[in-house]
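Everything on this sheet refers to the single structure shown next.
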Amino acid sequence: MKNYLFIISRAPYASSHAFEQLEAAMVAAVFDASVTVLLRDEGVWALQPRQEGSATQQNTFAKALAALPAYEVEQLYVCRASLNKHSVSADPSLGFEPMSLAAQQRLIDSSDVVIGGQS
Amino acid sequence: MKNYLFIISRAPYASSHAFEQLEAAMVAAVFDASVTVLLRDEGVWALQPRQEGSATQQNTFAKALAALPAYEVEQLYVCRASLNKHSVSADPSLGFEPMSLAAQQRLIDSSDVVIGGQS
Amino acid sequence: MKYALAVHGAPYSSNAAEHALSFIEALQACGHDIERVFFFHEGVYQGLNGQVTPQSLHDNALQARWAAVAAQGIELAVCIASGIKRGVVDSAEQERYDLPAATLHTDFTLVGLGQLIAAIDNADRYVEFPA
Amino acid sequence: MKYALAVHGAPYSSNAAEHALSFIEALQACGHDIERVFFFHEGVYQGLNGQVTPQSLHDNALQARWAAVAAQGIELAVCIASGIKRGVVDSAEQERYDLPAATLHTDFTLVGLGQLIAAIDNADRYVEFPA
Amino acid sequence: MSLHLVFSQNGLSACLQRRLPADPVLMLGDGVYACQQWLREQLPNDLAFVLAADAAARGIGDEQRGDIAAVDYAQFVSLTEAHSPIVSWQD
Amino acid sequence: MSLHLVFSQNGLSACLQRRLPADPVLMLGDGVYACQQWLREQLPNDLAFVLAADAAARGIGDEQRGDIAAVDYAQFVSLTEAHSPIVSWQD
């Protein structure tokens, strides 16, 4: 199997793009692919603490993220520059490691497949 | 009839949003409404000279703009700050008058109806 | 007051429908009238008749909420020009163009852009929910 | 080489279909194989069966071009999860959920997300056309 | 007097350039993320509102919102009663 | 070596931050408007390409494009043959 990088660059609640990306990442993991998830730009809002999707009758995105390790998706990164730009204090319990832009360059270069061009 | 301000803030070819906005403006004019069109942000690409929609089997947006006066839509403005930001040299034959941000504030305030929130 | 509303976003691409529906429910609670809800641009996809609400979102079944709005006599007007090019057609258009199926939900109706302008002109307020 | 492609944009909301179709035509001219075209997110609307191409765009009838791709045995695979919640359903799903109509064009087929991953894994290249 | 509906962070920037300084602004959808920009630019808090449900879903609480009022849909309706035109900013 | 497909002006900014300096970039769709940013930042022109049809539709000619090469779909295919992964940037 190839190694897959899923990039999420949209915020979680206005559209279902981020949810659908996550579903695809979980399916790749079920296929025993090596899966990495990177949150960048508005995608970093996914780590905002105290989300409560039920306030708008939606699922809570942070809970979907928390399920990733159960699918053996354990390489979880978030763009540090994007966190700073949006002043997001990532919920540490979600286990996303901040990553520099230089490291993101190397991560993309070393991936067989990059999924996440929508945004 | 009320006076209508149609704002176009998306570039013309990647989506049909700008074309559809223009159709709505023409229909309002056919209803004898007073119609103003304002291009702002990426919408200013609508004035780029030498467009040739046929290169991608589309209609040329500048030609649709040129038809506005035939519908008696003659109050045509473009955000000067957006032109500068994108370095667009507006095709002068299209008759869009550059407008300051302060004038746009007054234009919006004096409109009965503002259409164009998609982008 | 009389309100004209426009929905520009497709389901799951924006919150346009959720915002519009909750706003409509609040307008009615306040005793306001709704002249027409107009679906424009990608908003026309709100009227597709085959949407299956995911179980996880069953409290937010958009079409059930639209049905409740239509049941009160409020017109759910899909822009015919935006609709037919995207594949949102009623049975009249299905016949006219010899298409395999009518895809517009029966709670919605296809109308021309003039009906957007007419609604706005009759209304005291126009509120737009973008994509 | 073998290619897997993904289309994420709806018609008229992005150039995703035009880009993908012209790219496919060029791939075939170069003798490459296409493992599968996968329609994900709003890309599922490409498969609606009632689209009426505006006369002004008749040189760019997307569904006629997709039909030509399908006729060469290339699978046009619509994500079933993305599709059914948006109202893009085949006759099997129509029956299962008791919906008024099948809305998926017969050139397209509903498949699970696993088919995206399988196509990519079998291919040498993956190219994505966003919304 | 206009009411501005802001649906994104970029939408707030576009709106702030083109609104009269006394016009109120309601941030909703992903627009609720823009309340930090409002506070950073020290704009008058009595002119800003966020839609409570959208803020709660996204985890935008008092810390992010400061003194900006969270409103429900009934208050959203009241704002539209009192203002015209109503301008949406998505960007 | 990666190939980057850029579909918007913001997409180019996001891409430039995250691409290795030797990776080529193809601008297509509204991404062709970004070629001015490429020239302004004085990035190496031999790594940049615009899709000819999309540039022509939008009126992006030699003046805007400078020495950035305009390619057709066959050359687009060649670029994808020579590079992996292929990364799309819409933003």
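Note that these values count all heavy atoms, side chains included, but never hydrogens, waters or copies made by symmetry. Protein chains get the first letters and strands the later ones, always in sequence-line order, with residue 1 at the start of each.
Heavy-atom pairs under 4.5 Å with chain C peak, among D:Gly50, D:Ala81, D:Pro100, D:Ser82, at D:Gly50. For chain D, the option among C:Leu62, C:Val89, C:Val88, C:Leu99 with the highest count of heavy-atom pairs below 4.5 Å is C:Leu99.
What you find for D:Lys85 and C:Gln51 is that their closest heavy atoms are O-CB, 3.6 Å. In plain terms, the two heavy atoms of D:Ala101 and C:Asn49 that are nearest each other are CB-ND2, 4.3 Å.
Contact check for D:Tyr45 versus C:Arg86: no side-chain heavy atoms found under the 4.5 Å cut-off.
The contact between C:Ala102 and chain D is made entirely by backbone atoms, counting heavy-atom distances below 4.5 Å.
Within the model, atoms CG of C:Leu104 and OG1 of D:Thr103 stand 12.5 Å from one another, a figure rounded to the nearest 0.5 Å.
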